[in-house]
Amino acid sequence: MSKRIDVKDLNVYYGNFLAVEGVNINIAARSVTAFIGPSGCGKSTFLRTLNRMHEVLPGARVEGEVLLDGDDLYGSGVDPVAVRTHVGMVFQRPNPFPTMSIRDNVLAGVKLNGKRISKSDAEGLVESSLRGANLWNEVKDRLDKPGSGLSGGQQQRLCIARAIAVKPDVILMDEPCSALDPISTLAIEDLIEELKANYTVVIVTHNMQQAARVSDKTAFFNIAGTGKPGKLIEYAATTEIFNNPKVKATEDYVSGRFG
Amino acid sequence: MASITTTARRSALTRNRLPRYAIWAAVVVGLVLGAALSTLVGFNPFGWGVFAAIVFTAVYVAWSGVVEGSRKAKDKLATCLVVGAFLVALLPLISVIWTVLVEGTKGLATPGFLTTSMNGVSGIQDNESASDGTKVLGGIYHSLLGTLLITLWATIISVPIGLLTSVYLVEYGNGNRLSRGITFFVDVMTGIPSIVAGLFAAALFATIFGPGTKTGFVAAVALSVLMIPVVVRSSEEMLRIVPNELREASYALGVRKWRTILKVVIPTAISGIASGVTLAIARVIGETAPILVTAGFATKINTNVFADWMSSLPTFIYTQILNPTSPSNPDPSLQRAWGAALVLIICVMILNLVARLVARFFAPKTGR
Ligand SMILES: Nc1ncnc2c1ncn2[C@@H]1O[C@H](COP(=O)(O)OP(=O)(O)OP(=O)(O)O)[C@@H](O)[C@H]1O
Ligand SMILES: [Mg+2]
């Protein structure tokens, strides 16, 4: 469980458009890393290259290396589907499968892959994943009801439960709280704290306080202007980024003077 | 207007309104004047209806214009036009159903109509029943069976082809040249006259199995030529509205693309796909021309679609009307034809109902 990520000279393209340029970053295992930066600077784009979700879009491609505990995700012969079982993802908008019950949503990673699982193992996995996502107590009486009948915050935690049910090494979260109220947000932040014990967590957020609260290290991305590629400007311990950043742009951004 | 007389102060927000009875008064005026006007040109119920509608609209709108002002009057005029257009559109449908019901119930109610075929029924029997007033012999069992079997086989052929095509278009095509070509030809196929589809199937089987090959299966192939484009179109639309987020959620769990399509995309869209298929069946079940040239017209029960001629409800109606079993006494044939038409309409209605039920049954469940 829990692997480190090392990115070397990564360029990310949409067709001919260079969206993110020259990213070098080392993310330690069992840590929470926050990506911050103005809209359109390529945080989501970069995040999606960490589990090869980027190439799902037509024309999208990547240059450079992403090492997961030393293994290149983009090496030849690597199966992107296998990569995604190691690196899970939670999206900005909660997206439970509408045709499935809460239980089946949690088991989706197992069932959709056609793996056999005994009934008792399945029950155990559902309970441990839902407990892991702080959702068990709210849904334990209605596991057979559709997942889309939950509130937005509950749906998002269901998606987190679904992601941890496949037992990944890394969990990527793209603005997981942007559609949630402060209480659900707190529930998810608490959850991220707990997930840190077993997983490497990377989270994109527009909320400075959130980045400050949950993350060990913070990466600031910026963009020089429209049509220009986004770049990693500064990457350091979260306290350092927020208290004495080395780069002027970072200081301006975290102090709210721009972006 | 009681409310105005009882309240001392008039609200600044209210306007003059037509009294409640205005619409009924206008209806009465319309009916009376309409009757009068239509007698001027020679009374008949149809003319009465038309004149009544015109007079009603004029009276109602003018009255509203005087009392309520021009904006309300325009609103009432538009309402009258819309309702009128709706009634005009509904008229043919109701009249068709009415005629078929009136003409067809006698045939359908004849004992044995649904359970016997035309085997052994000839002009002699028809002449007897016409002259003695005994019950009309012969029924549509063979045709009903043929219709069901031929449409079943057409569905078996069309649904996999159509569904796979639409999956290719939506999930793999990405607007490349092949998928644009397919879309173009599907559009062209949608407009193919059904007789051409029948000729195509007949010619295809004639080249493979020798001339004159007429079986239920050839008819099924002809119908599937008509059905496939409808299935492709409707399933394509349904697959396209499956949100991309669901596909990405599935990929992010490490699920392969084909499994994602099979277990996430298609189940999410299944209600729309299934009702699209049912409507496609309803569309081809009444086809006559392609079946005439591919399955011939049988009078015997034939349960094997791969051998011998087969009857179907539309071809049964066609032959009964055009070549009555007894040329001197066409009435029994006419009665059977109307009965078959009624059964056909009932089939189509059932299919439409099934489409709705299917859509509701498969729809993604929401709520708690
Ligand atoms: N599917 C796509 N095709 C082409 N260009 C894209 C696509 N998605 C994003 N981009 C471009 O890539 C750049 C980075 O976008 P990205 O979504 O990564 O920004 P972001 O930092 O996540 O912004 P936000 O904070 O608003 O979510 C933008 O210029 C955007 O227009
Ligand atoms: Mg984003």
Side-chain angles (χ1 to χ4, degrees), chain A residues 48 51-59 79-102 104-115 139 141-142 144-151 154 158-159 162-168 171-172 174, chain B residues 163 167-180 182-183 235-276 358-368:
Chain A
R48 288 164 62 94
N51 69 343
R52 297 196 63 166
M53 281 296 287
H54 178 62
E55 64 205 51
V56 169
L57 301 168
D79 181 359
V81 174
V83 168
R84 292 177 203 136
T85 58
H86 291 286
V87 187
M89 185 156 199
V90 176
F91 296 83
Q92 180 169 356
R93 285 216 314 201
N95 51 4
F97 297 117
T99 50
M100 297 184 194
S101 65
I102 293 173
D104 286 345
N105 261 290
V106 178
L107 294 173
V110 178
K111 287 205 166 167
L112 291 180
N113 273 321
K115 289 194 205 121
V139 300
D141 303 321
R142 46 173 168 142
D144 291 317
K145 296 282 155 60
S148 40
L150 297 173
S151 79
Q154 291 171 328
L158 179 61
C159 292
R162 182 173 73 183
I164 59 185
V166 293
K167 304 204 163 61
I171 298 182
L172 310 175
D174 191 352
Chain B
L163 189 56
V167 166
Y168 175 79
L169 288 178
V170 176
E171 304 290 334
Y172 294 94
N174 288 328
N176 63 13
R177 199 172 287 181
L178 179 59
S179 73
R180 269 180 288 143
I182 294 176
T183 311
S235 333
E236 187 190 346
E237 236 132 76
M238 290 304 137
L239 293 178
R240 277 203 202 284
I241 58 175
V242 173
N244 229 352
E245 298 163 11
L246 295 181
R247 296 186 181 90
E248 295 207 333
S250 176
Y251 295 150
L253 293 169
V255 181
R256 291 193 185 279
K257 186 164 183 173
W258 69 270
R259 279 189 178 279
T260 301
I261 295 169
L262 207 63
K263 300 220 170 156
V264 175
V265 179
I266 293 184
T268 309
I270 190 74
S271 87
I273 293 175
S275 62
V358 154
R360 190 170 307 167
F361 178 74
F362 282 118
K365 321 263 179 304
T366 47
R368 24 194 67 213

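Chain A is the first sequence line, chain B the second, and so forth, proteins listed ahead of strands; every chain is numbered from 1.
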### Query
Is chain B contacted by the side chain of Val81(A), its backbone, both, or neither, given a heavy-atom distance below 4.5 Å?
both
### Task
Give a yes or no on this: more than 12 heavy atoms of other residues, nucleotides or ligands lie within 6.0 Å of atom CZ of Arg259(B).
yes
### Message
Report which part of Ser250(B) has an atom under 4.5 Å of a heavy atom belonging to chain A: side chain, backbone, both, or neither.
### Response
both
### Flag, side chain of Asn113(A) to backbone of Gly254(B), donor-acceptor distance under 3.5 Å
yes
### Shortest non-hydrogen contact from Asn95(A) toward Ala249(B)
ND2-CB, 3.5 Å
### Message
Quick check on Arg52(A) against chain B: is it the side chain, the backbone, both or neither that has a heavy atom closer than 4.5 Å?
### Response
neither
### Query
What residue, out of Asp79(A), Val110(A), Val90(A), has the most heavy-atom pairs lying under 4.5 Å from chain B?
Asp79(A)
### Heavy-atom closest pair, residues Leu246(B) and Pro96(A)
CD2-O, 3.6 Å
### Message
Looking at chain B, which one of Gly109(A), Pro58(A), Ser101(A), Gly114(A) has the largest number of heavy-atom pairs inside 4.5 Å, strictly under?
### Response
Gly114(A)
### Check against side-chain contact (heavy atoms from CB on, under 4.5 Å), Phe91(A) and Glu245(B)
CA-CA 9 Å; Phe91(A) 296 83; Glu245(B) 298 163 11; over 6 Å; no
### Message
Please give me the minimum heavy-atom distance between Arg84(A) and Tyr251(B), naming the atom from each residue.
### Response
CD-O, 3.0 Å
### Query
What are the two closest heavy atoms between Glu248(B) and Met53(A), and how far apart are they?
O-CE, 3.4 Å
### Query
So which heavy atom on Leu112(A) is nearest to which on Val264(B), and how close?
CD1-CG2, 3.7 Å
### Task
Determine the minimum heavy-atom distance between Lys263(B) and Lys111(A), stating which atoms define it.
NZ-O, 3.5 Å
### Query
Say you draw a straight line from CG of Leu253(B) to CG of Leu107(A); how long is it, rounded to the nearest 0.5 Å?
11.0 Å
